[in-house]
Number of protein chains: 2
Amino acid sequence: MDAVFMALADATRRGMIHRLSEGPATIGELGRPFAISKPAVTKHVKMLERAGLVTRRKDGRVHHCKLNAKPMKEAEDWIEKHRKFWEGSLDRLASLLDEPERE
Amino acid sequence: MDAVFMALADATRRGMIHRLSEGPATIGELGRPFAISKPAVTKHVKMLERAGLVTRRKDGRVHHCKLNAKPMKEAEDWIEKHRKFWEGSLDRLASLLDEPERE
DNA sequence: GTTATTGTTAACACTATGGTTAACAGTGTG
DNA sequence: CACACTGTTAACCATAGTGTTAACAATAAC
């Protein structure tokens with residue numbers, strides 16, 4: 001989870017994810033929009049992989065990357081669960097009003 | 001956005017958010033579950049504040065912290081938007097089938 | 001007015017990020 | 001074979017993150 005949020009905490013990597021959300025891309029394509037060197041691209045993609053957000057298939061000398069939704073889903077669920085603290089409070093209040101005998 | 005995901009990229013801070021999702025807490029209460037020093041707690045809370053996830057009200061010598069859902073919502077929306085690349089692909093395909101004249 | 005409590009600031013160490021350049025491995029292409 | 005292309009590794013630099021201890025500010029309590 002640390003790795004996922006860490007991977008998302010960088011505008012360049014979010015840009016790469018944005019690109020990948022439109023379909024697979026090569027390392028070169030992922031790095032092109034950003035004014036960074038090739039090793040920098042390698043590192044960013046490596047972090048995305050480490051977080052499980054991206055998988056890679058090597059085809060000749062070209063590496064094709066694609067997005068993996070699962071860790072994003074987990075991160076989203078975590079946020080959603082903890083974001084709804086207010087609704088949660090309302091729910092607990094409602095429970096008290098509706099079913100005062102429970103618990 | 002960087003600050004929000006960065007704030008979430010640490011288990012200690014996620015624990016603090018978890019605690020705050022159950023209601024306001026003091027700095028001491030936020031730090032107690034973790035085996036870290038007081039300055040470390042101060043820094044973590046400061047990062048949560050910097051990300052806009054937490055607001056603080058000083059009452060005497062005690063600082064009361066509470067969660068602010070807005071940045072969490074934005075982060076969640078970003079993920080959701082980019083997580084649905086597959087559904088998005090299906091949607092675009094459907095659009096092509098339904099309205100081939102558009103675009 | 002001491003003394004305890006709550007929290008912050010300052011100074012330091014260690015590690016990780018994000019970037020660079022230079023050199024290299026592997027794969028196509030003339 | 002020589003050359004260009006794609007991407008990685010190695011070595012380095014600067015900055016930021018995570019933690020510490022020690023000292024301090026401010027408030028509460030005796």
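By convention in this document, chain letters (A, B, ...) are assigned in the order of the sequence lines, proteins followed by strands, and residues within each chain are numbered from 1.
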About how many Å separate OG of A:S21 and NZ of B:K81, when rounded to the nearest 0.5 Å? 8.0 Å
Just so I know, are the side chains of A:T26 and A:E29 near enough to count as touching, which here means a heavy-atom distance under 4.5 Å? yes
Rounded to the nearest 0.5 Å, the CZ atom of B:R19 sits from the CZ atom of B:R32 at a distance of 9.5 Å
side-chain N/O B:H44 vs D:dG17 OP1/OP2, d < 4.0 Å: no
Do the side chains of A:R57 and A:H63 get nearer than 4.5 Å, heavy atoms only? no
Of A:V62 and B:H63, whose nearest nucleotide on DNA chain C comes first from the 5' end? B:H63
Considering all heavy atoms, the nearest A:L20-A:A25 contact: CD2-N, 3.7 Å
With the threshold set at under 4.0 Å for non-hydrogen atoms, list the residues of residues 45-60 of chain B touching DNA chain D in residue-number order. B:M47, B:R50, B:G60
Do any of residues 24-37 of chain A sit with a heavy atom less than 4.0 Å from DNA chain D, and if so which? A:T26, A:I27, A:G28
A:E74 meets the side chain to side chain contact (heavy atoms under 4.5 Å, CB included) criterion, sequence neighbours left out, with A:K70
Treating B:N68 as the side-chain partner and B:T55 as the backbone partner, does any N or O pair qualify as donor plus acceptor under 3.5 Å? no
B:K73 with B:D77: basic N within carboxylate O range, under 4.0 Å: yes
Drop me the distance from A:H64's NE2 to A:D59's CG, to the nearest 0.5 angstrom. 4.5 Å
Under-3.5 Å donor-acceptor pair between B:K43 side chain and D:dG17 base: no
Tell me which residues in residues 5-12 of chain B put a heavy atom below 4.0 Å from DNA chain C, sorted by number, or none. none
When hydrophobic residues are tied together by side-chain contacts of less than 4.5 Å, even through go-betweens, does B:V54 share a cluster with B:F34? yes
Check the phosphate of D:dA29 against B:R61, side-chain N and O only, distance under 4.0 Å to OP1 or OP2. Yes or no? no
What distance do B:K38 atom NZ and B:I27 atom CD1 have between them, rounded to the nearest 0.5 Å? 12.0 Å
I'd like a table of donor-acceptor pairs (distance under 3.5 Å, sequence neighbours excluded) in which one partner is a side-chain atom from residues 5-18 of chain A, with atom names and distances.
from  : atom 1 : to    : atom 2 : distance (Å)
A:D10 : OD1    : A:T12 : N      : 2.8
A:D10 : OD1    : A:R13 : N      : 3.1
A:R13 : NE     : A:A7  : O      : 2.9
A:R13 : NH1    : A:H44 : ND1    : 3.1
A:R13 : NH2    : A:M6  : O      : 3.1
A:R14 : NH1    : A:L8  : O      : 2.7
A:R14 : NH1    : B:D2  : OD1    : 3.2
A:R14 : NH2    : B:D2  : OD1    : 2.7
A:H18 : ND1    : B:H82 : NE2    : 2.8

Using whole Å, report how far CZ of B:R13 lies from C1' of D:dA16. 12 Å
State yes or no: do A:W78 and B:M47 share one hydrophobic cluster built from I, L, V, M, F, W and Y residues joined by side-chain heavy-atom distances below 4.5 Å, directly or via other members? no
Students should find that the nucleotides of DNA chain C closing off the region near chain B, any atom under 4.0 angstrom from a heavy atom, are C:dA4 to C:dA11
